[in-house]
Amino acid sequence: MPLTDSDNLVMDSMINRYPRPRSAIMPLLHFAQSKDGYVTPESIEVIAKKLNLESAEVSAVATFYTQYKRGPVGEYHVGVCTNTLCAIMGGDEIFESLKEHLGVENDGVTEDGKVSIEHIECNAACDYAPVVMANWEFYDNQSVESAKDLVDSMRQGNPIAPTRGPDKLPTWKENSALLAGINDGLANQGVAAGEPTLLGLKIAQSGNKKLTPELTKSYDQKDSFTLDGYRRNGGYKAIEKALNMSPDEVIQTVKDSGLRGRGGAGFPTGMKWGFIPQGDNKEHYFVVNADESEPGTCKDTPLMLANPHVLIEGIIIGSYAIRAKHAFIYIRGEVAHVIRRVQQAIEDAYKAGLLGKNILGKGFDLDLVLHVGAGAYICGEETALLDSLEGFRGQPRLRPPFPAIAGLYARPTVVNNVESVASVPAIINNGAQWFASLGTEKSKGFTLYSLSGHVKNPGQFEAPLGITLRELIDMAGGMRDGNKLKFWTPGGSSTPIFTDEHLDIPLDYEGVAAAGSMLGTKALQIFDETTSVVRAVLRWTEFYKHESCGKCTPCREGTWWLVQILKDLDAGKGEQADLEKLLDLCDNIAGRSFCALADGAASPIISSIKYFREEYLEHLRIGGSPFNPAASSLLTSDGVKV
């Protein structure tokens, strides 16, 4: 990795973004890929020297994340989502067909060096399934034939434009530079939102009073993601109001609203802010968790694509409330155009005096950094995210101490989900009582529900907490023709599954918990009676095995054994006692690791055996699966999407 003077200046600027130099390891590794196409031993040495680290320390980070490649990839790197929902909708067929079409295996590169391919995990686009990514740009609603056309266009040097992205597909190296934080000026290209993202808004605009578009109200405007578009819709009025309040008054307002975390746990947001010690003469940090990677979860990604400024305004208010002068957005690296939009929004906010020194003349200073991840689901766990942000492998910490006391750089830190923070400006503008008047007694306000899978019209729905799945499926036009609901997830793959018996449960924190699951991220993955629950659970479990960081033995070893047993069951091998062995393994890994990944792996297994034990046994009786995968696919026999 030979460096020019210009390269050295760029790398120095990356280091200077952060309070501590080591935090720049990840953008520097992305930058190395933009120069060489992959992370070479020489680039590791260069980065180590820049940061005054041992090369082993840099290598330890580079080998932890899947997006850092250790060998050559194509000019166009194709990733086919084969996580459960996309796989069942047709992703497996697409992946196998592309490998045959290109004459390569997983992680292979075509002889001309134009195209490489890998199967990838959930990429937060479940309502557009099946999805293919190219250089981390979205190609939605794919079929076998459209995917073949896509790779053929790449090999011919004229790639088809992304579905939700720039007008022309950037190369692998060009987008690696983007992930390093180098703005390519393409943020204004492409749509603000795709049709599934707009579905709930359009239904609300037609007169449906069960939906309450607030975060999504401007999604249908072509420039909703721009500063001018946001201000035209009342944007940045909330910070004028908040900066005329005391920080404690802001915290109390958020407490009074009843806003709870929208990232899964549902912890009261205002209470979390109130935990930050004041008058301690320490730096405080505000961190947004935008590493949306939970299979089925696809609400924050379209929000940042269509309305990034509402997140920035929420960050300004939250940072002011906890007396933080530095804030960070940790965003997953597999969503290039979202990164492009957020980066441009941050730059525009600086130019408008909304970030930086003396914001709106109120004496409040705030610097905001967009930190791009590199493919690690575990970094959605808040302490693993903080370790990653500090420039280490993303592995969970033992708690206590909690981040509010010793978070980023061992300083008091708030970590909030994207939707949680984006909800704050509306609360400040309209008042705590307005927000609290929506939802249910203990689950206040509006939220984003993501409906995907075997429904006629998947999409995003913004509604008060407490709506039911039956109501949402009706809005989506019902199940696909001739089929009925079999099972579904209320909050992503880590939550215990439900069946058609649970259609009328209020989708709020208390209602879902009382029925035996968790609201989680409101990721409603819908599967009809053509779907093998054993296949679905096996694929989720493979995901958790792959994403286990390896720090805790019960999780690292337990998820491996869960996959082995489930593979045998899916193939009709093994015996009935294997079901009890599965449950025993789940009991021995859940609650026995530093984070909740092992619990998430156990949840779909335990709940599927509870509701579908006979289906598991049927696999054993007939020596294989009684289900035809083609029946659950959205693709026809000739690979066309229906």
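One is the number of the first residue; the rest follow in order along the sequence. Because only heavy atoms are used, hydrogens play no part in the values below, and waters and symmetry mates are left out as well, while side chains stay in.
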Which residue pairs pass the salt bridge (charged side-chain N to carboxylate O under 4.0 Å, His left out) test with at least one member in residues 553-567, sequence neighbours excluded?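 Salt bridge (charged side-chain N to carboxylate O under 4.0 Å, His left out) check on residues 553-567 returns no pairs.
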Would you mind listing every salt bridge (charged side-chain N to carboxylate O under 4.0 Å, His left out) that reaches into residues 255-276, with sequence neighbours excluded?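 Listed by first then second residue: Arg260-Glu510, Arg262-Glu419, Lys272-Glu382.
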Closest approach of [X] and [Y], non-hydrogen atoms and distance?
X: Gly394; Y: Phe64; result: O-CZ, 3.1 Å
X: Ala602; Y: Ala590; result: CB-CB, 4.4 Å
X: Thr269; Y: Ser420; result: OG1-CB, 4.3 Å
X: Ile378; Y: Cys549; result: CG1-CB, 4.2 Å
X: Thr197; Y: Pro302; result: CG2-CB, 3.7 Å
X: Ala129; Y: Leu634; result: O-CD1, 4.0 Å

Give a yes or no on whether the ring-centroid distance for Phe487 and Phe527 is below 6.0 angstrom.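 Between Phe487 and Phe527, the centre distance is under 6.0 Å.
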Stepwise, does the side chain to side chain donor-acceptor pair (under 3.5 Å) test hold for Lys444 with Ser257? CA-CA 7 Å; Lys444 306 290 188 183; Ser257 74; over 6 Å; no
Got a donor-acceptor contact below 3.5 angstrom from the [X] side chain to the [Y] backbone?
X: Asn457; Y: Ala476; result: yes
X: Thr559; Y: Cys555; result: yes
X: His284; Y: Pro277; result: yes
X: Asp568; Y: Ile565; result: no
X: Thr66; Y: Gly375; result: yes
X: Gln525; Y: Gly453; result: no
X: Asn289; Y: Gly380; result: yes
X: Ser388; Y: Ala384; result: no
X: His619; Y: Leu569; result: no

For Asp584 and Lys581, run salt bridge (Lys or Arg N to Asp or Glu O under 4.0 Å): C-alpha distance rounded to whole Å, both residues' side-chain angles, the deciding distance at 0.1 Å, then the answer. CA-CA 5 Å; Asp584 183 60; Lys581 192 181 297 182; over 6 Å; no
Where does the angle between the aromatic ring planes of Phe543 and Tyr377 fall among parallel (under 30°), tilted (30 to 60°) and perpendicular (over 60°)?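 Phe543 vs Tyr377 ring planes: perpendicular.
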We want to know whether [X] and [Y] form a side-chain donor-acceptor pair, criterion being a heavy-atom distance below 3.5 angstrom.
X: Thr63; Y: Tyr68; value: no
X: Ser633; Y: Glu93; value: yes
X: Asn417; Y: Asp300; value: yes
X: Gln460; Y: Ser450; value: yes
X: Tyr128; Y: Ser452; value: no
X: Ser632; Y: Thr530; value: no
X: His77; Y: Glu118; value: yes
X: Tyr509; Y: Thr440; value: no
X: Thr468; Y: Asp504; value: no
X: Asn416; Y: Trp273; value: yes
X: Thr383; Y: Glu381; value: yes
X: Glu462; Y: Thr212; value: no

Lys484/Asp528 under salt bridge (Lys or Arg N to Asp or Glu O under 4.0 Å): CA gap, chis, key distance, verdict: CA-CA 5 Å; Lys484 60 182 181 179; Asp528 65 24; over 6 Å; no
Euclidean distance, [Y] [atom2] relative to [X] [atom1], rounded to 0.5 Å:
X: Leu211; Y: Ile467; atom1: CG; atom2: CD1; answer: 5.5 Å
X: Phe461; Y: Met475; atom1: CZ; atom2: CE; answer: 7.0 Å
X: Ile339; Y: Ile329; atom1: CD1; atom2: CD1; answer: 11.0 Å
X: Ile526; Y: Leu469; atom1: CD1; atom2: CG; answer: 4.5 Å
X: Leu566; Y: Thr541; atom1: CG; atom2: OG1; answer: 5.0 Å

In a check of side-chain hydrogen bond (donor to acceptor under 3.5 Å, both in side chains) between Thr301 and each of Glu334, Arg332, Glu292, which one passes?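 For Thr301, the side-chain hydrogen bond (donor to acceptor under 3.5 Å, both in side chains) check succeeds only for Glu292.
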Should we say atom CD of Gln564 is surrounded by more than 12 heavy atoms from elsewhere, each under 6.0 Å from it?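 Yes, because the 6.0 Å sphere around CD of Gln564 holds more than 12 heavy atoms from other groups.
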For Lys573, I'd like to know if atom NZ has over 12 heavy atoms of other residues, nucleotides or ligands within 6.0 Å.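 No, NZ of Lys573 has 12 or fewer neighbouring heavy atoms, counting only those of other groups under 6.0 Å.
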So, using ring pair (Phe, Tyr, Trp, His ring centres under 6.0 Å) as the criterion, who are the partners of Phe435 when residues are at least two apart?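 In terms of ring pair (Phe, Tyr, Trp, His ring centres under 6.0 Å), with neighbours along the sequence ignored, Phe435 is linked to Phe446.
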Listed partners of Tyr330 passing ring pair (Phe, Tyr, Trp, His ring centres under 6.0 Å), at least two apart: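 Ring pair (Phe, Tyr, Trp, His ring centres under 6.0 Å) list for Tyr330, sorted by chain: His371.
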Going by an N to O cut-off under 4.0 Å, is there a salt bridge joining [X] and [Y]?
X: Glu618; Y: Arg621; value: yes
X: Arg613; Y: Glu580; value: yes
X: Arg22; Y: Glu390; value: no

According to ring-ring contact (aromatic ring centres under 6.0 Å, His included), does anything in residues 591-611 pair up with another residue at least two apart or in another chain? List the pairs.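 Sorted result for residues 591-611: His502-Tyr611.
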Between Glu294 and Ser494, does a side chain to side chain donor-acceptor pair (under 3.5 Å) hold up when you go through it step by step? CA-CA 8 Å; Glu294 170 86 1; Ser494 64; 2.6 Å; yes
Stepwise salt bridge (Lys or Arg N to Asp or Glu O under 4.0 Å) test for Glu471 and Lys210: CA-CA 9 Å; Glu471 292 173 299; Lys210 293 179 180 179; 3.0 Å; yes
Between Arg539 and Asp570, is a salt bridge (Lys or Arg N to Asp or Glu O under 4.0 Å) present by the stated rule, with each step listed? CA-CA 11 Å; Arg539 187 62 190 87; Asp570 188 45; over 6 Å; no
Cationic tip of Lys486 within the cone over Phe612's six-membered ring, i.e. under 6.0 Å and within 45° of the normal?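 Judged by the rule, Lys486 and Phe612 form a cation-pi pair.
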Listing, residues 404-415 side-chain donor-acceptor contacts under 3.5 Å, not counting sequence neighbours, or none:
unit_1	atom_1	unit_2	atom_2	d
Tyr409	OH	Ser23	OG	2.6
Thr413	OG1	Leu408	N	2.8
Thr413	OG1	Arg411	O	2.8

